[in-house]
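We number each residue from 1, following the sequence as shown. What you are looking at is a predicted structure, and each value in this text was computed from that prediction instead of being measured.
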Amino acid sequence: MDQTSLALPPPGPTTRTAGGGVPLRLSRARRAWRGVAQVACLPYLSLKVAWIFGSHLGIPAGSPLLEHRTTMILANGLTVLMDAAVLVLVLLLTRPWGLRTPAWLLVVPMWVASGLLGPIMAGFPLQLLATALGGGGSEGEKSSEPFLHDWVFGVVYGGFIVQGIALGALFVPYAKDRWAHLWRGRLGELPRDGARGPRIAAYSAALLALLPVTAHLLWAFGVDAGLNASQADERTTGSAVLEGLSAVYCLAAVAGALLLVLRRPPLLPVKVPLALAWLGSGAVGCWGGWLLFGALVSAGDVGQRPTGAMLLTYAVRMIIGLLVAATGARFLKERSGSTA
């Protein structure tokens with residue numbers, strides 16, 4: 001057990017379980033990461049609450065955000081709840097009672113959090129780098145009304161990146177303490193799985209992935225087919241990077257699922273395809289679902305509304321994420337029974 005895990009403490013101040021069970025104490029590292037995660041939530045939550053109560057902080061005059069007050073309040077209220085859930089996850093990962101929490105009650109929100117935060121952690125820095133190296137945006141972007149002041153993106157996405165790092169630093173040792181036995185060994189050491197369900201799910205995900213991978217790659221290389229007028233006009237170097245990364249997430253998810261069901265290559269550690277399936281399915285499924293939800297409640301003009309091709313891409317991404325997640329869950333359930 002490493003230094004960042006929950007462990008039996010030496011004599012001294014302890015944190016006891018609610019039932020008076022075995023005393024546990026957090027290492028300094030985990031206490032520090034808990035504080036970092038909590039502080040990282042404050043900028044986003046503060047901005048969102050301010051907007052809900054009518055503040056225009058960071059919102060320039062003429063922004064589309066100011067056109068639909070009720071929609072803005074509902075959307076901001078939802079995202080406040082989502083970011084507040086990070087605070088609950090931090091407690092689950094750092095309090096003794098968190099070790100007794102049912103697995104699904106932690107794993108599902110953690111999968112959603114990693115799925116939403118992971119692409120921001122990878123995409124935002126690469127987007128800034130690509131924009132810096134490749135120049136500014138298109139003429140359409142320069143002439144359009146600004147959505148938010150530039151500093152808002154830095155504060156919000158910077159906070160998300162810190163949240164993601166802190167959650168990862170807390171979740172990895174927690175998972176090792178509780179479930180490390182589920183990903184020990186190599187694929188070749190696993191028994192063959194005769195169940196057809198996981199194979200059908202993995203193959204279906206691979207087949208479906210042809211659509212979003214093709215669409216995102218085409219959009220990354222400047223093809224406008226399937227995009228609405230707004231996104232076609234406001235294409236930037238940074239947005240091309242994000243489109244390319246979206247294709248990568250789909251490929252990672254499918255690769256993880258296929259490796260798990262095929263049990264090949266034999267020498268590959270089990271944790272590699274599990275990590276691919278976890279991160280890939282979260283990024284594809286959660287962002288696909290979020291974009292689809294945003295598209296369905298969008299109140300913008302015709303040029304800003306998603307096209308049928310965009311809606312189909314988002315929906316297929318969500319289905320792929322769920323199929324791969326189900327494949328991974330089935331694999332872990334099987335391993336849990338075989339290693340009990």
Side-chain contact test, heavy atoms from C-beta onward, threshold under 4.5 Å: evaluate it for [X] versus [Y] and give yes or no.
X: L208; Y: L323; value: yes
X: V284; Y: V324; value: no
X: P125; Y: I161; value: yes
X: L268; Y: R186; value: no

query = Under the side-chain hydrogen bond (donor to acceptor under 3.5 Å, both in side chains) test, which residues partner W219, sequence neighbours left out?
reply = none
message = So, using side-chain hydrogen bond (donor to acceptor under 3.5 Å, both in side chains) as the criterion, who are the partners of R184 when residues are at least two apart?
response = none
With a 3.5 Å distance limit and no angle check, can you tell me whether [X] reaches the backbone of [Y] through a side-chain donor-acceptor pair?
X: R335; Y: R330; result: no
X: W51; Y: L57; result: yes
X: T307; Y: G226; result: yes
X: R199; Y: L262; result: no
X: W287; Y: L116; result: yes
X: N76; Y: M72; result: yes
X: S239; Y: R235; result: no
X: S63; Y: L66; result: no
X: E234; Y: Q231; result: no
X: S336; Y: K333; result: no

Do [X] and [Y] belong together in a cluster built from hydrophobic side chains that touch within less than 4.5 Å?
X: V261; Y: L274; value: no
X: L78; Y: L148; value: yes
X: F124; Y: V86; value: yes
X: L217; Y: L312; value: no
X: W183; Y: L276; value: yes

ask   = Are R317 and L291 close enough, and set up right, to give a side chain to side chain contact (heavy atoms under 4.5 Å, CB included), and what steps lead you there?
value = CA-CA 10 Å; R317 284 179 53 174; L291 291 171; 4.1 Å; yes
My understanding is that a hydrophobic cluster links ILVMFWY residues whose side chain heavy atoms are under 4.5 Å apart, including indirect links. Using that, what else belongs to the cluster containing [X]?
X: L210; result: L207
X: L45; result: V49, I52, F53, I73, V80, L87
X: L218; result: V223

Ring pair (Phe, Tyr, Trp, His ring centres under 6.0 Å) partners of [X], counting only residues at least two apart:
X: Y314; answer: none
X: Y44; answer: F160
X: F293; answer: W290

Counting heavy atoms not belonging to [X], are there more than 12 under 6.0 Å from its [atom1]?
X: F153; atom1: CZ; result: yes
X: R196; atom1: CZ; result: no
X: W104; atom1: CH2; result: no

Listed once per pair and sorted, the side-chain hydrogen bond (donor to acceptor under 3.5 Å, both in side chains) pairs that draw on [range], sequence neighbours left out:
range: residues 256-269; answer: R263-E334
range: residues 252-262; answer: none
range: residues 267-282; answer: W111-S281, S114-W278

Over all heavy atoms of both residues, which pair between [X] and [Y] is shortest? Give the atoms and the distance, please.
X: P173; Y: R30; answer: CG-NE, 4.3 Å
X: H149; Y: P60; answer: CE1-CB, 3.6 Å
X: A37; Y: V90; answer: CB-CG2, 3.6 Å
X: I59; Y: S55; answer: CD1-O, 4.4 Å
X: P212; Y: A209; answer: CD-O, 3.3 Å
X: L106; Y: L89; answer: CD1-CD2, 3.7 Å

Show me the donor-acceptor pairs, under 3.5 Å and distance only, between side chains in residues 240-255 and residues at least two apart or in other chains.
from, atom 1, to, atom 2, distance (Å)
E243, OE1, H216, ND1, 2.6
S246, OG, L242, O, 3.0

